[in-house]
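Structure first, then comments.
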Amino acid sequence: MKMRIAIAGGGLGGLTLARILHRHGIGAVVYEREASRSARSQGGMLDLHPESGQQALADAGLTARFRSEARPEGEEHRILDPAGRTLVHHKPQPGNFSGRPEIDRAALRDLLLDSLPADAVVWQRRLVAATPRPGGGFGLTFDGGHSAGCDVLIGADGARSVVRSLLTDATLSYVGTLVELSISDADRRHPDLAELVGPGNFWCIGVNQILAAQRLADGGIRVGISLRAEDRHPDTYRSKRALLDMFDGWNPRLTALIEAGDGPPAPRRIEAMPADTRWDHQPGITLIGDAAHLMPPVGEGANQAMLDAAELAAEIATNPADPDSAIRAYEEAMFTRIHPIAEMSARIQAMMLSPTAADDIVRFFTPRPTEPAPAD
C-alpha cells in the first residue's frame, strides 16, 4: 500500500521537501492555506547560504534555475550611522555565486512550485486540526470543512504551527517588532533613494533601533524598521508620523525611506522559540522550518527550513519502508544542528538592537587580520 505523506504548509521548506521527495519517486501532497501563489506578497530578498539553502536546491536539482533568478550583486551591503556616515560598505565580486547570492522570496517560491506536478499543492487548505488515528496516521481537518487523511504528517506550517501542538508545548517569546514599508519603481520615482540603498542591503544602526532597506529584483525597495520588544502594541507603529518621530534627529536622507513608502507601515511582532526546543519522537509525524525552530529573522530561518527539508527527504528516500526510523534519524540530527544556530541567532538579534549595536556590527562585518605563521 502506497504511503500517503501530507505536508502542512506550502512555504519554502514544505515545497523543497515535496520537490526532493518527488525526485525520488515518493509522492506527497502539500496543503497550503493561501488561495493561490499570488494571493499575497511573499516578502523581500533572501541570501541563500552554500551549506544550507543552496545545498537543498542542489538536492532538488534546481541549481541552474536558481542561478538564473539569483542576484549575486544583492550581496552588497552598506551600514551607516544616523548621521548618514558610512561605517561598512561591502561589494561582492561581480557574477560570483560562491557566496550568498540574494533571490526574491517570490521568485524562489515560484521556482519550487514550477518544479512540482500540478496536483502536488492543494490551495486554500488551512489546517485547523490533526487527529491521530487508532491504526496509525492522521485525520486532517481544514478550515471550511474539508478533510483528508495521511500516513505521515509533516508540519511545515510556520510560526503558528498547528502540527507543533501534537509534539511539544514550547511557547513563543516576543523578541522584537518589525515594521515594513514598500517603495515601488524606485529608480524612476525615487532615484536618490535607489542610489542610497544600492543593489543589495542597507542598514542604518541607531540606539536600540535599525532602519534597513533592501533592493528587490523588480526595482522596488523593501524598508524594514527593527525595534526592541516593548510593551507598546504594534498598532502604535501604523502611521508614518509615529515612525518619523522615533527617528527624530536622524539624517533626512535616511528618514526619506519612511516618507516614500507607498502605503501605511505594516508592523508585526517578531517571536522565537527556545533555542533548546526538542520533543519526544512520535510515529508518523515531525516538523521542519519555523514550525520546528522559530528563530529571530537574522538570515538563517529559510536556509535552515530548506536544509531540514533536504535532510528529511534524504532519510525517507533511503528508508521508505520505515518512515519512523527515517523521521527519528532526521530529528536527532536536526536538534543537534539547530541548537547552536538558534543560540547564535538570538545573540545577533540582541546585538543588533543594543545601545552599542553600531560598534558591534562593524566588528562583526570587519574581517580579522590573519595572524602570521610562526617562524621556524
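Numbers here simply count residues along the sequence, with the first being 1.
In this structure, Ala56 and Ile20 approach most closely via the heavy-atom pair O-CD1, 3.8 Å. Between Ala309 and Gly13 the shortest heavy-atom distance is CB-O, 3.3 Å. Contact record, Ile205 with Pro82: O-CD, 3.3 Å, taken as the closest heavy-atom pair. Nearest approach of Pro72 to Pro101, heavy atoms of both residues: CA-CB, 4.0 Å. Residue Leu294 comes nearest to Ala159 through the heavy atom pair CD2-CB, 3.7 Å, listed as atom of the first residue, atom of the second, then distance. The shortest heavy-atom contact between Ala83 and Asn251 is O-ND2, 2.9 Å.
Residues Leu112 and Asp110 form no side-chain contact, since every pair of their non-hydrogen atoms from C-beta on lies 4.5 Å or further apart. Residues Pro234 and Arg269 are in side-chain contact: their nearest non-hydrogen atoms beyond the backbone lie under 4.5 Å apart. At a threshold of 4.5 Å between non-hydrogen side-chain atoms, the residues Val175 and Ser173 count as touching. Side-chain atoms of Tyr237 and Leu243, non-hydrogen and from C-beta on, do get closer than 4.5 Å to each other. Looking at Leu178 and Ile225, their side chains never come closer than 4.5 Å, going by heavy atoms from C-beta outward. When side chains are defined from C-beta on, Leu46 counts as touching Leu12, because their heavy atoms get closer than 4.5 Å. Taking 4.5 Å as the limit, every side-chain heavy atom of Arg105 sits out of range of all side-chain heavy atoms of Leu108. Counting heavy atoms from C-beta on, the side chains of Met352 and Ile210 come closer than 4.5 Å.
Dense packing is recorded around CG of Asp235, with more than 12 heavy atoms of other residues, nucleotides or ligands lying under 6.0 Å away. Residue Arg37 qualifies as enclosed at atom CZ: its count of foreign heavy atoms under 6.0 Å is above 12. For Arg189, the CZ atom sits in a packed shell: over 12 heavy atoms of surrounding residues, nucleotides or ligands are nearer than 6.0 Å.
Ion pair Arg133/Asp151 not flagged as a salt bridge, since none of the NZ, NE, NH1 or NH2 atoms sits closer than 4.0 Å to an Asp/Glu carboxylate oxygen. Salt bridge absent: Arg328 and Asp280 never bring a charged side-chain N and a carboxylate O closer than 4.0 Å. Contact check on Arg347 versus Asp360 returns no salt bridge, with no Lys/Arg side-chain nitrogen under 4.0 Å from an Asp/Glu carboxylate oxygen. A salt bridge does not link Glu32 to Arg125: none of the charged side-chain nitrogens sits closer than 4.0 Å to a carboxylate oxygen. At a threshold of 4.0 Å, the pair Arg215-Glu76 does not count as salt-bridged, since none of the basic side-chain nitrogens sits closer than that to a carboxylate oxygen. Here Glu195 does not pair with Arg253 in a salt bridge; the nearest charged N to carboxylate O distance is not below 4.0 Å.
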Would you please test Ile154 and Ile5 for side chain to side chain contact (heavy atoms under 4.5 Å, CB included) and show each step? CA-CA 8 Å; Ile154 297 156; Ile5 298 177; 3.8 Å; yes

Using salt bridge (charged side-chain N to carboxylate O under 4.0 Å, His left out), reason through Arg337 and Glu311 one step at a time and then give a plain yes or no. CA-CA 11 Å; Arg337 166 170 52 86; Glu311 293 187 351; 3.2 Å; yes

With side-chain hydrogen bond (donor to acceptor under 3.5 Å, both in side chains) as the criterion, how do Glu102 and Asn201 come out once you've worked through the C-alpha distance, each side chain's angles and the decisive distance to 0.1 Å? CA-CA 10 Å; Glu102 300 272 356; Asn201 286 281; 2.8 Å; yes

Between Glu259 and Lys240, does a side chain to side chain contact (heavy atoms under 4.5 Å, CB included) hold up when you go through it step by step? CA-CA 7 Å; Glu259 295 177 287; Lys240 290 182 183 179; 5.6 Å; no

Evaluate Met246 against Leu227 for side chain to side chain contact (heavy atoms under 4.5 Å, CB included), listing each step before the verdict. CA-CA 10 Å; Met246 295 178 62; Leu227 305 166; 3.5 Å; yes

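Side-chain contact, Thr286 with Glu331: a donor N or O sits under 3.5 Å from an acceptor N or O. Remark: the Ser325 side chain and the Asn319 side chain contain no N/O donor-acceptor pair separated by less than 3.5 Å. Checked by atom type, the side-chain pair His293/Asp308 shows a donor-acceptor distance below 3.5 Å. Residues Glu51 and Gln55 have side chains that never bring a donor and an acceptor to within less than 3.5 angstrom of each other.
When atom types are taken as modelled, the side chain of Gln304 and the backbone of Asp290 share no donor-acceptor pair closer than 3.5 angstrom.
Checked against the 6.0 Å centroid criterion, the rings of Phe335 and Trp279 qualify as a close aromatic pair.
The cationic atom of Arg78 (NZ for Lys, CZ for Arg) does not lie both less than 6.0 Å from the six-membered ring centre of Phe202 and within 45° of the ring axis.
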